[in-house]
Amino acid sequence: EPEVTQTPSHQVTQMGQEVILRCVPISNHLYFYWYRQILGQKVEFLVSFYNNEISEKSEIFDDQFSVERPDGSNFTLKIRSTKLEDSAMYFCASSVGGGAGQYFGPGTRLTVT
Amino acid sequence: RKEVEQDPGPFNVPEGATVAFNCTYSNSASQSFFWYRQDCRKEPKLLMSVYSSGNEDGRFTAQLNRASQYISLLIRDSKLSDSATYLCVVIRSGGSYIPTFGRGTSLIVHP
């Protein structure tokens, strides 16, 4: 069964550093998403991506964040100048259509020290 | 009013019980509705889509009530393995698709 994969599973970084989180969506899916979940809190939508451009973004997704699909398979989230409050689980997801059910990757746990 | 609201629980039920969760949403432009299951420190897993006509998948039944703006999930014959957090997800469309997750309802099934 196809699945979304994410690397790394855990990333530790120092405050102020840049991190890149990587995702490989399911191959025939057209919509890609990034979410974050701070420990004990709800899943929060960051951004959706369709047809090689951002489709929607939340107010959390400010200039500190960017997404890219550098090739036909990878989908990345870059966080510049990380802050302590960026520590969270970051999930990538993909779906066949914008209103369709989404399939999540296992997540990357980001720890900013 | 929060966009998607769920009773956080926990719902503590014995094996074999029937349990129901509700989720309310505030935006009438909401278009697609889903239930996900999330185990501790794991990713959300799609459980089922929710339609006005209702849909059933084994022991699970989901229902959408557009007039009252809520969706429900019924679990029959609960198993220990059903213990998890159940997330309600609403996607609204205003040209693009904007997903909103509820905080989740915790279910604990005990022997």
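Residue numbers start from 1 in every chain, and the chains themselves are labelled A, B, ... in the order their sequence lines are given, proteins ahead of strands.
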Does any backbone or side-chain atom of Arg92(B) lie under 4.5 Å from a heavy atom of chain A? Answer side chain, backbone, both or neither. neither

Is the distance between the ring centroids of Phe45(A) and Phe61(A) less than 6.0 Å? no

Here the gap from Ile71(B) atom CD1 to Trp35(B) atom CH2, rounded to the nearest 0.5 Å, amounts to 5.0 Å

Centroid-centroid under 6.0 Å between Phe49(A) and Phe75(A) rings: yes

Chain B contact via Phe104(A) - side chain, backbone, both or neither, heavy atoms under 4.5 Å: both

Are there residues of residues 6-18 of chain B whose heavy atoms fall under 4.5 Å of chain A's heavy atoms? If so, which? none

Heavy-atom proximity to chain B below 4.5 Å, by part of Ser48(A): side chain

Find the distance between CZ (Arg109(A)) and CZ (Arg41(B)) and round it off to the nearest 0.5 Å. 5.0 Å

Atom CD of Gln14(A): over 12 foreign heavy atoms under 6.0 Å: no

How would you list all residue pairs meeting side-chain hydrogen bond (donor to acceptor under 3.5 Å, both in side chains) that involve residues 89-100 of chain A, not counting sequence neighbours? His29(A)-Ser94(A), Tyr33(A)-Ser95(A)

Tell me whether the count of non-hydrogen atoms from other residues, nucleotides or ligands lying under 6.0 Å of NZ in Lys42(A) goes above 12. yes

Tell me if the CG atom of Asp63(A) is crowded by more than 12 foreign heavy atoms within 6.0 Å. no

Can you tell me which of Gly97(A), Gly101(A), Ala93(A), Ser58(A) forms the most heavy-atom pairs within a distance under 4.5 Å of chain B? Gly101(A)

With a 4.5 angstrom heavy-atom cut-off, which part of Ala100(A) approaches chain B: side chain, backbone, both or neither? backbone

Below 4.5 Å, heavy-atom pairs only: which of Pro99(B), Ser49(B), Cys40(B) has the largest tally toward chain A? Pro99(B)

Does anything in residues 8-107 of chain A form a disulfide bond (SG atoms under 2.5 Å apart)? List the pairs, not counting sequence neighbours. Cys23(A)-Cys92(A)

Pairs of heavy atoms under 4.5 Å with chain A: top-ranked of Lys45(B), Gln38(B), Lys42(B): Gln38(B)

From CD (Glu5(B)) to SG (Cys23(B)), nearest 0.5 Å: 9.0 Å

Gln102(A), part contacting chain B, at a heavy-atom distance under 4.5 Å: both

Tell me, side chain or backbone of Phe33(B) under 4.5 Å from chain A's heavy atoms, or both, or neither? neither

Measure Tyr50(A) against the heavy atoms of chain B and call it side chain, backbone, both or neither at under 4.5 Å. neither

Can you run down the disulfide bond (SG atoms under 2.5 Å apart) pairs that involve residues 30-82 of chain A, sequence neighbours left out, and say none if there aren't any? none

